[in-house]
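Quantities reported herein were computed from a predicted structural model and do not represent experimental measurements. We use all heavy atoms of the structure for the numbers below, so side chains are in, but hydrogens, waters and symmetry mates are not. For this chain, numbers begin at 1 and follow the sequence in order.
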Amino acid sequence: MIRLLLAVTAGLALGGVASAQNFEPANPECIAPAAPGGGFDLTCRITSQQLNELGIVKPTIRTTNMPGGIGAVAYNNIQARRVDDPNVIIAVSTGSWVNLAQGKFGRFNENDVRWLGAIGADYGVLAVRKDSPYKTLQDFVDALKKDPGSVTIGAGGTVGSQDWMKPALVAKAAGVDPRKMRYLSYEGGGEALAALLGGTIQAVPGDASEVQGQLEAGEIRVLATFSEDRLPGVFANVPTAKEQGYDVQWPIVRGFYAPPKITDEQYAYWVDALKKLNADPKWQKVRADQGLFEYDMVGADFDAFAKQRTDAFRKLAAEVGLKTTGN
């Protein structure tokens, strides 16, 4: 009887492992919670393509754009309609945690999803048109000091979003009230860049990966990168904000979360997929070509990191006079 019980128990255990190993998403989908052309869209499209091309995920992963609130609409859609759907992953960035910290995702917080992992890191930049009168970050700061409302700044997200935070921290360091800046909100970096090139706005506090193409084409000038050290490649000649006297750094982690009620086995499938992706040299080249930098945190470590960063942004938001929410 004991041997029989052990055999049955072992069979059940092996069955559980086999189930986890055999899980494969059906018609998998990656949701980019912004309009095409920005960082969320880039995150979904290049990751999905490489997961498929490298054979890590066999079914073709489709990308769906779901703009609204820089992630809020997608976050709430998952809670309302797909809370246990293992076939969907959703792009996330540091900006999502900034908004969560300020209660911009409604009643939901950072504990209401399962954080999967990161696929790279980006860095904030401040960009202007090639014919802009602002040649340096100091030119930009001087204009803010003279009249904060004289410089039209535009980017993805509303006041308090991560893109607003970048110039806000520069303004604060220069003794300017960030809340007096003139800021226009767009649905993602793609729309903001179009507005910059069209002359609607004068500066975009975007991300390096978003502006790289326009910088290479000579259509824009990047006044500063919000990185600790100068970025390589096309950004090599762009000074950091710190070099120019404003110690503002804004790394942008790019990754994914999953619905909160998927099983541990389903969660493990996607975590393992991202782990395999990050380890593949072909992906590492694609990532670098897109202006992203290595950031290979997945699973439990990423989950803890996401929650810690959100809490840190609550404190930062309070420092610049914005409302925050508890967790």
Between Asp142 and Lys146 (salt bridge meaning N to carboxylate O under 4.0 Å), is one present in this structure?
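No, no charged N to carboxylate O under 4.0 Å.
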Salt bridge flag under 4.0 Å for residues Asp280 and Lys282:
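The answer is no: the pair does not qualify as a salt bridge.
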Using the disulfide (SG to SG under 2.5 Å) rule, collect all pairs that involve [range], keeping only residues at least two apart or in two chains.
range	value
residues 57-166	none
residues 34-149	Cys30-Cys44
residues 215-252	none

May I ask you to check whether Phe305 and Trp97 place their ring centers less than 6.0 Å from one another?
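Under 6.0 Å, so yes.
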Can we call the ring centroids of Tyr186 and Trp164 under 6.0 Å apart?
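Judged by ring-centre distance (under 6.0 Å), Tyr186 and Trp164 do not meet the cut-off.
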Taking atom [atom1] of [X] as the centre, does the number of heavy atoms from other residues, nucleotides or ligands within less than 6.0 Å exceed 12?
X	atom1	result
Lys135	NZ	yes
Asn237	CG	no
Arg182	CZ	no

Non-neighbouring partners of Glu243 that pass salt bridge (charged side-chain N to carboxylate O under 4.0 Å, His left out), sequence neighbours left out:
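Salt bridge (charged side-chain N to carboxylate O under 4.0 Å, His left out) check on Glu243 returns Arg230.
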Going by distance alone, is a donor N or O of one side chain under 3.5 Å from an acceptor N or O of the other, for [X] and [Y]?
X	Y	result
Asn52	Thr60	no
Tyr123	Gln249	no
Arg81	Asn76	no
Asn27	Asn87	no
Glu29	Thr64	yes
Gln212	Ser209	no

Are side-chain heavy atoms of Pro25 and Tyr269 found at a separation under 4.5 Å?
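Yes - at least one pair of side-chain heavy atoms lies under 4.5 Å apart.
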Can Arg45 and Asp41 be said to form a salt bridge (charged side-chain N to carboxylate O under 4.0 Å, His left out), step by step?
CA-CA 6 Å; Arg45 292 186 189 281; Asp41 190 57; 2.8 Å; yes
List in chain and number order the residues that pass side chain to side chain contact (heavy atoms under 4.5 Å, CB included) with Val151, two or more places apart in sequence or in another chain; answer none if no residue qualifies.
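Here the qualifying residues are Tyr134, Phe140, Ala143, Leu144, Ile153, Gln202.
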Which heavy-atom pair separates [X] from [Y] by the least distance, and what is that distance?
X	Y	result
Asp112	Phe108	OD2-CA, 3.3 Å
Ala203	Leu196	N-CD1, 3.8 Å
Ser132	Arg221	O-NH1, 3.1 Å
Ile90	Pro259	CD1-CD, 4.3 Å

If we ignore hydrogens and angles and just use 3.5 Å, is the side chain of Asp139 paired with the main-chain N or O of Thr136 as donor and acceptor?
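At least one qualifying donor-acceptor pair exists.
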Separation of Ile89 CD1 from Phe256 CZ (nearest 0.5 Å)
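Interatomic distance, Phe256 CZ to Ile89 CD1, rounded to 0.5 Å: 4.5 Å.
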If you round to the nearest 0.5 Å, how far is NZ of Lys276 from CD of Gln50?
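So the CD of Gln50 and the NZ of Lys276 are separated by 15.5 Å.
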What do the steps show when you test Thr152 against Leu184 for side-chain contact (heavy atoms from CB on, under 4.5 Å), and what is the final call?
CA-CA 7 Å; Thr152 308; Leu184 298 182; 3.8 Å; yes
Testing Arg287, Arg254, Lys275 one by one against Asp296 for a salt bridge (Lys or Arg N to Asp or Glu O under 4.0 Å), which residue passes?
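With Asp296 as partner, Arg287, Arg254, Lys275 yield a single salt bridge (Lys or Arg N to Asp or Glu O under 4.0 Å), made by Arg287.
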My understanding is that only residues two or more places apart in sequence, or in another chain, count here; which of them pass ring pair (Phe, Tyr, Trp, His ring centres under 6.0 Å) with Phe105?
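With sequence neighbours excluded, Phe105 shows a ring pair (Phe, Tyr, Trp, His ring centres under 6.0 Å) to Tyr75, given in chain and number order.
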